[in-house]
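Okay, structure first, notes after.
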Amino acid sequence: MTEKDFSSVSYTTLKDEGEVAYSSPSNIALVKYWGKRENQIPANPSISFTLAACATKTKVHYKKRENNNGKFSFDFLFEGEEKEGFKPKIITFLKRIEVYLPFLKDYHFVINTSNTFPHSSGIASSASGMSALALCFMEMERSFVENMTAEFFNRKVSFLSRLGSGSACRSIEGPLVQWGESKVIEGSSNLFGIKYPYDVHPIFNNYHDTILLVDKGEKQVSSTVGHELMHGHPYAVNRFAQADINLDKLKTVFSNGNLEDFISIVESEALTLHAMMMTSSPYFILMKPNTLTIINSIWKFREHSKTHICFTLDAGANVHVLYPEGEKDVVFPFIKEKLVPFCQNGQYICDRIGLGAKKL
Ligand code: DP6
């Protein structure tokens, strides 16, 4: 598929007014997307667990405008309150997707959105937020045409979400989504995420992600700035090649369920992401002392408990603690007793692998 396939939809009817609503989850990358080219094309392939609990709920009311003045028209409410500050990001998004959804300027939108996770928890809301909005617009488009296939809907909504935020294209489906061209994943694309197309070992069913909120402050480096730091980065070429290799290795792991290998790939990816930030110019340390304390504690506990607890990180100080369903009775009490004290205000979120976005 090419970009063109997403701009050539012809409409049978354009409704005057209506409402659509979606809940779209966040996701946690196992092989990280870090570095991109123009038009949100990733520098390397990535793969993520779709989450179940952390999600954005978005409701869009649309009404035909009398006359379109060449500008987008919308109100934006976050948790019931108008938020002017969020508008520029949405306008950028609308501008990028307009060519694929040519009706956008013909309507006035009231966008109502809320997150299931605490505001400014340091949890990336761009993946769930952008995908939830893209889903609402795509649902409109679906109602303007006859017989849109589910595959086309999912691909186009992932494609549009990507234009809002790269990682958002991995939030539509679940439990595992892959994005970015890769020789080892059939059907993979730089343009949209696809549901992982091979069988996955049952050890990954219901896999847990307990998110430890170590630092809820504003992100020190936005992902946009972070991705830019990979341009001319001394280790970029090797890093991008390593992501390809790690994706191939994970493919084997997903088929044979070898959790030792899973752990070494996933933890190495997390630390490599941070290593890229520590070695860029300018450089950043996004981990906090408590991030390191938690990582060391996970390693010690893993050794003596013989469980398969491991961690991954986003571009921040919070720690995602991953473990299989069958080990939760041993692992979760450890997390609560030994790791939660290192969270800001003792805050954490119990999440697990999920199945993707839901129409409300
Ligand atoms: C570290 O998707 O937030 O979470 O495309 O600029 O919006 P933009 O970046 P974004 O980057 C996410 C980076 C990451 C790794 C990942 O999710 O793969």
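Order of listing sets the numbers, starting from 1, for every ligand and every atom in it.
For ligand 1 and Gly166, the ligand atoms under 4.0 Å from any heavy atom of the residue are 2 (O), 5 (O), 7 (O), 8 (P). Here is the list of ligand 1 atoms found below 4.0 Å of a heavy atom in Ser165: 2 (O), 3 (O), 5 (O), 7 (O), 8 (P), 10 (P). In summary, the atoms of ligand 1 found under 4.0 Å from a heavy atom of Asp314, numbered by their order in the structure, are 4 (O). Annotation for ligand 1: atoms under 4.0 Å from non-hydrogen atoms of Ala29 are 16 (C), 17 (O), 18 (O). Close contacts between ligand 1 and Trp34 involve ligand atoms 1 (C), 13 (C) [criterion: under 4.0 Å to a heavy atom].
Checked against Phe109 for a ring pair (Phe, Tyr, Trp, His ring centres under 6.0 Å), the options Phe137, Phe76, Phe72 give a single hit: Phe137. Between Phe159 and the choices Phe192, Phe6, Phe153, the ring pair (Phe, Tyr, Trp, His ring centres under 6.0 Å) rule is met once, by Phe6. Checking each of Glu267, Glu260, Glu327 against Arg302 for a salt bridge (Lys or Arg N to Asp or Glu O under 4.0 Å) leaves exactly one that passes, namely Glu267.
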In sequence, state the C-alpha distance, the side-chain angles, and the governing distance for Glu98 and Lys95, and then conclude on salt bridge (charged side-chain N to carboxylate O under 4.0 Å, His left out).
-> CA-CA 5 Å; Glu98 188 192 6; Lys95 280 186 187 156; over 6 Å; no

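Checked by atom type, the side-chain pair Tyr323/Thr210 shows a donor-acceptor distance below 3.5 Å. For Thr113 and Lys59, the side-chain atoms include no donor-acceptor pair closer than 3.5 Å. Looking only at atom types and distance, the side chain of Glu19 has no donor-acceptor partner in the side chain of Tyr62 under 3.5 Å away. No side-chain N or O of Asp351 forms a donor-acceptor pair with one of His320 less than 3.5 Å apart.
Close to ligand 1: Arg170, with a non-hydrogen atom less than 4.0 angstrom away. The shell of residues lying under 4.0 angstrom from ligand 1, judged by heavy atoms, includes Lys36.
Geometrically, ligand 1 and Asn27 share no nitrogen or oxygen pair separated by less than 3.5 Å. Of the polar atoms of Tyr33, at least one N or O is found under 3.5 Å from an N or O of ligand 1, judged by distance alone. Close N/O approach between Ala168 and ligand 1 is not found [any backbone or side-chain N/O within under 3.5 Å]. Remark: ligand 1 and Ser223 share an N or O pair separated by less than 3.5 Å (distance only, no angle test).
Between His274 and Phe284, the ring center distance fails the sub-6.0 Å criterion.
Under 4.0 Å from ligand 1, heavy atoms of Ser167 appear from its side chain as well as its backbone. Under 4.0 Å from ligand 1, the heavy atoms of Ser126 that appear belong solely to its side chain.
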